Amino acid sequence: MVCERANRRRNPCDACADEYEKMASVASLNNTVQRTVCFKIKIGDNNMKALVYNGPRDVRVMDVPDAKIEQPTDVLVKITTTNICGSDLHMYEGRTDMEKGRIFGHENLGKVVEIGKSVTNIKVGDMVCLPFNIGCGHCKNCESGYTGFCLTMNPGMAGAAYGFAGMGPYSGGQAEYLRVPYGDFNCLKLPEDAVEKENDYVMLSDIFPTGYHATELANVQPGDSVVIYGAGPVGLMAAHSASIKGASQIMVVDNHKDRLKLAEEFGAIAIDFSMGSAVEQVLELTKGIGADKGCECVGYQCCDKHGTEHSNITMNELVQAVKATGSIGVVGVFVPKDPKSKDPLQKEGHMDFDFGNFG
Ligand SMILES: NC(=O)c1ccc[n+]([C@@H]2O[C@H](COP(=O)([O-])OP(=O)(O)OC[C@H]3O[C@@H](n4cnc5c(N)ncnc54)[C@H](O)[C@@H]3O)[C@@H](O)[C@H]2O)c1
Ligand SMILES: [Zn+2]
Ligand SMILES: [Zn+2]
C-alpha cells in the first residue's frame, strides 16, 4: 500500500497515524518515530505508478521513484487527469529518439500537494493545468511570450516539455505525481469549478491552444474560408477555433469517418480524402479559387489513401488548396531526423516541398 500523504512526510493517513501512535508510546523522540514510520513505508512502497517508454510500441505502467521537489521554485502536482497526444504516438511508435525509461505525458492537470520554499503564487490544494511547454519565465524568449522556445530549460535547444523526446530531461505526467519546474510560472491556476470541469480544462494543456495557434499562424479572420488538414484532437480544436473567430466556411480533411463526423459537429464540412482528391473537393467548394487560409494539423506521419507515409503530402496539398496570397499555419510536428522513414529525404528531416507553387 502506498501511503501518499506519509510519503510526502506530512499529514500521514489514518493507518500511518495509528502506526505512529503505537510507536510513539514506545519511543521517546517524536522525530525518531516519524522517521521510522516513513522509512518503513519507503522500503515497501515509496514508488509511484507511471507510464514508461520501453522501446517502440512497448509502454508499461511501472513503479518508479516518486516525483519530488528538487528546486525551491518547484511545485509537486498529484495528477488527476492527463491525455494522450498525437505527439505521444510519434514517440510510442519509435519514430523519435525517446530514451527508454522516460515517463510519457505532457497534457496534465491535477492538485498541488507540495511547493518549494520560493513558490509564492501557487498554494497546496490549488487545482492547476500545466501547459506542456516548460518555461523559465525570465529568458529573452519567455519574456517575449515565446515560452515554447525557452532558452534556459533545455540548453542547446530552444524549448522544453514534460515527457518529450528532444525537449529536455523532464518526466511526464502520465504518472501519479509530476514535478513542475518554476511552478509559479508554469502552473495555470484553475477556478472553483476545476474538479467538475477537469476534462475540459485539461484541453488547455496542449490541444486547444495548439489548434487555436494553427489558426493564429494562418491569420484566420472573420468571414474567411479555412481548410484544416487532420481531424485528430488538434485539427478539431483548430476547426472550433476557426469557428470562434467567425470563419464563414470550415473544411476538415481526414479519412477517419468517426473523426470527420466530430468535425461536422463543430460546424465544419467533412472532406474524406479516401473518397477522392481532397484538393479537388476544396476547390469545388471554393469556386475554384481555394480556401483563404489553411492549417496543417497532421505532421510528418501523414499518409496517402493507402496508408503509406509521405511526409510532404499535407504541406503540398495545402499549397494547392489555399488561394494565392492566402496563408498556412503549421502546428503538425515535423522532426529534424527520422531514421525509420522509408523516404531518404525524410530520413534527414528534409521535404520535397512545391516551393514554386507557394505564392
Ligand atoms: N506544435 C505543437 O505544439 C503540437 C502540439 C500537439 C500536437 N502536435 C502535432 O499535431 C499533429 C496532430 O496531433 P493530434 O493529436 O491531432 O494527432 P492524431 O494522430 O490524433 O491526428 C492526426 C490525424 O491526421 C490524419 N491524417 C493522416 N494523413 C492525412 C492526410 N494526408 N490528410 C489529412 N489528414 C491526415 C490522421 O488520420 C489523424 O486523424 C501531430 O503531428 C502532433 O504531433 C503539435
Ligand atoms: Zn501534445
Ligand atoms: Zn525561458
Side-chain angles (χ1 to χ4, degrees), residues 82-93 95-96 104-108 131-155 158-165 167 172-173 181-182 185-186 202-203 205-214 217 227-239 251-260 262-263 270-274 277-279 281-282 294-318 321 329-335:
T82 177
N83 294 335
I84 299 170
C85 180
S87 304
D88 289 324
L89 301 182
H90 306 310
M91 295 184 263
Y92 166 72
E93 290 175 6
R95 294 290 293 274
T96 64
F104 273 157
H106 59 271
E107 303 193 11
N108 304 310
F132 73 93
N133 287 117
I134 306 171
C136 68
H138 55 254
C139 71
K140 189 177 176 193
N141 285 353
C142 283
E143 291 247 323
S144 314
Y146 296 113
T147 54
F149 301 91
C150 175
L151 296 168
T152 70
M153 296 307 289
N154 184 17
Y162 306 95
F164 214 106
M167 297 191 79
Y182 291 108
F185 187 68
N186 289 306
V202 74
M203 298 298 167
S205 60
D206 180 348
I207 296 305
F208 197 173
T210 300
Y212 189 88
H213 194 57
L217 292 173
V227 56
I228 294 161
Y229 273 74
V234 174
L236 292 174
M237 286 297 104
M251 297 158 278
V252 174
V253 182
D254 207 304
N255 63 344
H256 282 270
K257 295 195 186 330
D258 53 342
R259 293 183 161 203
L260 288 171
L262 286 172
I271 297 192
D272 185 343
F273 70 80
S274 69
S277 157
V279 172
Q281 294 181 64
V282 174
C295 298
E296 206 290 345
C297 301
V298 183
Y300 70 111
Q301 288 190 263
C302 55
C303 297
D304 63 20
K305 64 179 177 187
H306 305 295
T308 309
E309 275 184 31
H310 304 280
S311 63
N312 60 356
I313 293 182
T314 50
M315 290 302 291
N316 285 340
E317 289 203 7
L318 276 161
V330 181
V331 294
V333 162
F334 292 86
V335 286

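The first residue of the sequence shown is numbered 1, and numbering continues consecutively from there. These values consider heavy atoms only, across backbone and side chains, with no hydrogens, waters or symmetry-generated copies. Just so we're clear, the structure is a prediction, and the values are computed from it rather than from any experiment. Read the numbers this way: they start at 1 and go in the same order the structure lists the ligands and their atoms.
Checked by distance only, ligand 1 and V298 come closer than 3.5 Å through their nitrogen or oxygen atoms. In terms of polar-atom proximity, G332 is not counted as a contact of ligand 1, lacking any N or O under 3.5 Å from an N or O of the ligand. Residue H90 has at least one nitrogen or oxygen atom sitting less than 3.5 Å from a nitrogen or oxygen atom of ligand 1, judged on distance alone. In terms of polar-atom proximity, defined here as any N/O pair under 3.5 Å, I313 makes no such contact with ligand 1. For C303, a nitrogen or oxygen atom sits less than 3.5 Å from a nitrogen or oxygen atom of ligand 1, counting backbone and side chain alike.
Close approach to G230 involves these atoms of ligand 1, each under 4.0 Å from a residue heavy atom: 24 (O), 33 (C), 34 (N). Ligand-side atoms of ligand 1 in range of D206: 5 (C), 6 (C), range being under 4.0 angstrom from any heavy atom. Taking a cut-off of under 4.0 Å to the non-hydrogen atoms of N255, the atoms of ligand 1 that pass are 37 (O). Which parts of ligand 1 touch Y229 is read off a 4.0 Å heavy-atom cut-off, strictly below it: atoms 32 (N), 33 (C). Within the listing of ligand 1, atoms 37 (O), 39 (O) sit less than 4.0 angstrom from a heavy atom of H256. Every atom of ligand 1 with a heavy atom of T210 under 4.0 Å away is listed here by number and element: 2 (C), 3 (O), 4 (C), 5 (C), 6 (C). Close contacts between ligand 1 and V253 involve ligand atoms 33 (C), 34 (N) [criterion: under 4.0 Å to a heavy atom]. Each of the atoms 28 (N) of ligand 1 lies under 4.0 Å from some heavy atom of C302.
Taking atom 43 (O) of ligand 1 as the reference point, the nearest protein heavy-atom neighbour is S87 OG, 2.7 Å. For atom 37 (O) of ligand 1, the nearest protein heavy atom (residue, atom name, distance) is D254 OD1, 2.7 Å.
Coordination check, C139 versus the Zn ion (ligand 3): passed, since an N/O/S atom of the residue sits under 2.8 Å.
Remark: distances from the non-hydrogen atoms of F132 to ligand 1 include one below 4.0 Å.
In this structure, Q301 contributes its side chain and C303 its backbone to no donor-acceptor pair below 3.5 Å.
Here the side chains of M91 and F164 are in contact, with some heavy-atom distance below 4.5 Å.
Proximity of the aromatic rings of F185 and H138 is defined here by a centroid distance below 6.0 angstrom, and this criterion is not met.
At the Zn ion (ligand 2), the vertex angle linking OD2 of D206 with NE2 of H106 is 110° (nearest 10 degrees).
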